[in-house]
Amino acid sequence: MDTEIELKFLVSDNEVPLIPALITQFAKRVNNKPAKNLENAYYDTPSRELRALDIGLRTRCQDDDCEQTIKLSGEVLGGLHQRPEYNLPLKTRKPDIFAFDSSIWPMGMRLESIAENLFPIFSTNFIRRTWLIETESGSLIEVVLDKGEVSASGKSETISELEIELVEGDRVDLFLLAEQLVAQIGVRLGFYSKAARGYRLADDKPLKANKEIGFVPLSSEMNQEQAFIKTINYAIALVQKHEQCYVNEPSLKTLKRIIDGVRLIKHAFWLFEEFVARETTDSLRKELKWLLGELDWVESAIYLKTYTSKRHAYYKRIHGAPELSQVIDDLKSVQPTKTDLEDLFHCPRYNKLLLSLTRWLMEKSWRQQWDQNAIKSAQSSVRSMAKKTFDLEWKKLKSMFPHKSSMSLEQYVHTRSSIEEMLLSGSCLGELFDEELRLSFRAPWMDILSGIYELETLHYLQQLCDGQEAQPLSDILGWLQQKSDFLISAMDQSRDASINCEPYW
């Protein structure tokens with residue numbers, strides 16, 4: 001058995017010629033292997049039984065020389081992929097899963113039934129260039145450039161990937177090479193394997209953005225450190241997934257999910273601060289703040305899109321006010337473009353941040369500042385910690401809402417950050433508790449938060465109208481005030497119901 005430890009990058013045709021020189025610059029010795037034309041087929045059953053077990057079965061042929069590979073469920077830490085892998089020679093192009101040692105299979109796997117129903121789901125065919133490099137410290141790293149396509153059901157997608165895999169030695173050298181790559185040739189970290197892309201193509205399930213943040217998959221048996229690792233990893237995956245979603249199909253809501261992922265990381269630093277000392281996260285916090293700054297225009301851009309969408313009540317009124325329409329068009333014209341965002345996702349600073357988070361996770365760098373209290377907190381029950389956290393947040397939130405009296409727009413907007421923090425804590429830790437009770441508790445608070453967003457949308461438009469004397473704008477201001485009053489009245493009712501909710505923890 002081998003265990004893959006690799007980082008994957010997406011490269012453009014312009015970057016490919018730069019790779020050999022960079023590798024030579026980084027390495028003490030380089031062994032440039034001949035290029036290969038590899039034909040690969042991935043097998044599964046019609047009901048995708050292997051996929052459900054996170055098992056990959058692949059045959060690979062170069063001319064008449066074939067092998068079969070099993071990849072079992074492994075671990076992904078940020079951008080670092082680690083999976084157990086088994087390779088066997090193959091006399092034909094069809095796989096023989098009985099040839100593998102029976103001990104590798106998960107308990108209860110129906111091997112005979114699966115073997116009877118295997119068929120090729122998709123193929124990947126590419127030309128592979130390989131460099132085996134030795135670093136100054138003696139580590140061996142395999143650098144692989146794949147150029148070709150993944151095909152399924154008459155459809156295909158381009159493959160243009162650079163993978164760096166640790167063959168022997170220190171994983172730190174893998175990250176040092178990765179940092180050189182992102183700094184000098186503008187590659188982008190790749191999140192999805194060829195197999196993941198092939199299954200999506202075969203099953204006609206294109207990558208779709210999440211409608212909400214979701215919940216970190218925790219179990220009550222976990223200690224705080226295990227929960228922390230899960231949370232950071234979940235948040236990084238959220239960022240990387242939606243980065244790819246945006247590249248595939250640009251959307252402001254997709255960018256909002258990236259912002260959510262970044263905020264989730266920062267929130268986890270705060271939630272687990274009893275054993276994650278601030279000194280160990282200072283440089284990461286600085287870079288996360290930079291990234292949020294690069295995306296701080298997204299919220300106002302969502303407001304502007306709402307005003308100009310024919311599906312919303314704003315459109316007809318704004319369309320009848322040429323001066324306001326022009327102001328909105330001018331603001332939209334200076335927003336970053338799709339190209340600007342793709343430049344951000346390819347820039348060294350962004351990719352180095354993702355690499356730094358991955359390395360920080362891998363090395364458990366927060367342990368550098370540990371004392372006995374930190375060790376005790378890290379090893380304590382995450383469920384107990386969650387209850388204490390939720391109790392404190394619930395007490396704080398209830399104190400911000402007056403009982404049985406109306407609140408102003410400003411008062412509601414003031415509560416936004418506290419509601420968001422409570423809901424973020426729920427995204428981090430809520431999976432530890434009953435799902436039905438959790439969703440029932442969160443629903444009215446999400447309604448209130450949605451109402452606050454709507455109030456801010458109204459307020460932003462009001463600011464655009466203020467100071468203008470044209471009659472259509474005066475009419476819009478009056479309409480905005482009526483709409484705001486009605487919304488606040490509805491939110492007051494939701495608020496009273498929310499405050500009386502029974503906590504789910």
Side-chain angles (χ1 to χ4, degrees), residues 209-215 251-257 259-260 263-264 267 295-318 328 390 393-427 430 437-466 476-504:
N210 297 9
K211 292 183 179 179
E212 53 191 28
I213 297 176
F215 300 94
S251 160
L252 291 171
K253 289 183 178 179
T254 300
L255 293 179
K256 181 65 170 63
R257 292 288 86 80
I259 294 169
D260 289 338
R263 291 179 61 239
L264 200 59
H267 194 72
L295 299 171
D296 65 358
W297 57 274
V298 170
E299 189 159 296
S300 58
I302 291 173
Y303 298 155
L304 295 174
K305 184 178 179 182
T306 302
Y307 305 148
T308 53
S309 170
K310 292 182 179 180
R311 295 186 297 109
H312 292 281
Y314 298 100
Y315 177 79
K316 186 175 180 180
R317 292 179 178 275
I318 292 172
I328 291 172
F390 290 163
E393 290 183 330
W394 184 224
K395 183 178 180 181
K396 175 186 174 183
L397 199 60
K398 287 199 293 186
S399 71
M400 300 182 73
F401 289 91
H403 186 63
K404 301 284 186 184
S405 62
S406 184
M407 291 172 63
S408 67
L409 183 151
E410 290 76 18
Q411 285 176 307
Y412 270 115
V413 170
H414 179 66
T415 67
R416 172 179 166 172
S417 62
S418 295
I419 297 173
E420 287 178 332
E421 285 173 7
M422 182 188 74
L423 293 173
L424 272 177
S425 293
S427 290
L437 294 176
R438 179 180 76 235
L439 297 179
S440 177
F441 177 89
R442 286 168 62 90
W445 287 107
M446 293 181 75
D447 286 344
I448 290 175
L449 192 59
S450 178
I452 292 172
Y453 293 157
E454 180 69 15
L455 285 174
E456 291 179 327
T457 304
L458 293 168
H459 183 61
Y460 188 70
L461 184 58
Q462 190 174 14
Q463 288 179 310
L464 298 182
C465 293
D466 279 347
I476 290 174
L477 282 170
W479 174 74
L480 288 173
Q481 188 60 54
Q482 290 178 351
K483 194 169 175 62
S484 178
D485 292 343
F486 177 79
L487 184 57
I488 287 173
S489 176
M491 289 171 66
D492 283 338
Q493 296 179 38
S494 295
R495 182 199 73 207
D496 291 339
S498 301
I499 291 295
N500 293 320
C501 278
E502 191 68 28
Y504 64 88

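Proximity of I452 to M491: side-chain heavy atoms (C-beta onward) are separated by under 4.5 Å at one or more points. For the pair T306 and L461, the minimum side-chain heavy-atom distance is 4.5 Å or more. Residues I448 and T415 have side chains not in contact (no heavy-atom distance under 4.5 Å, counting atoms from C-beta outward). Residues W394 and P503 form a side-chain contact, since some pair of their non-hydrogen atoms from C-beta on lies under 4.5 Å apart. When side chains are defined from C-beta on, Q462 does not count as touching L458, because their heavy atoms never get closer than 4.5 Å. Considering only heavy atoms from C-beta on, V298 comes within 4.5 Å of I302 through its side chain.
Heavy atoms only, all atoms of each residue included: D492 and S406 are closest at OD2-OG, 2.8 Å. Here the shortest heavy-atom pairing between N500 and D496 reads ND2-O, 2.9 Å. The two residues T308 and L304 have their closest heavy-atom pair at OG1-O, 3.1 Å. The two atoms that bring S408 and Q411 nearest to each other are N-OE1, 2.8 Å, heavy atoms only. Residues F401 and R495 approach most closely at CD2-CD, 3.0 Å, considering heavy atoms. When all heavy atoms of M422 and E393 are compared, the closest pair comes out as CA-OE1, 3.6 Å.
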Mind running side chain to side chain contact (heavy atoms under 4.5 Å, CB included) on S427 and R442 for me, showing each step along the way?
CA-CA 10 Å; S427 290; R442 286 168 62 90; 3.8 Å; yes
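Remark: of the listed residues I419, L423, L439, L423 is the sole one forming a side chain to side chain contact (heavy atoms under 4.5 Å, CB included) with M446. The only member of E454, E421, E299 that meets salt bridge (charged side-chain N to carboxylate O under 4.0 Å, His left out) when paired with R416 is E299.
E456 and Y460 are not linked by any side-chain donor-acceptor pair at a separation below 3.5 angstrom, with hydrogens and angles left out of the test.
Y307 contributes no side-chain N or O that, together with a main-chain N or O of I328, makes up a donor-acceptor pair within less than 3.5 Å. Judged by distance alone, the side chain of T457 and the main-chain N or O of Y453 form a donor-acceptor pair under 3.5 Å.
Aromatic ring centres of Y314 and W479: separated by under 6.0 Å.
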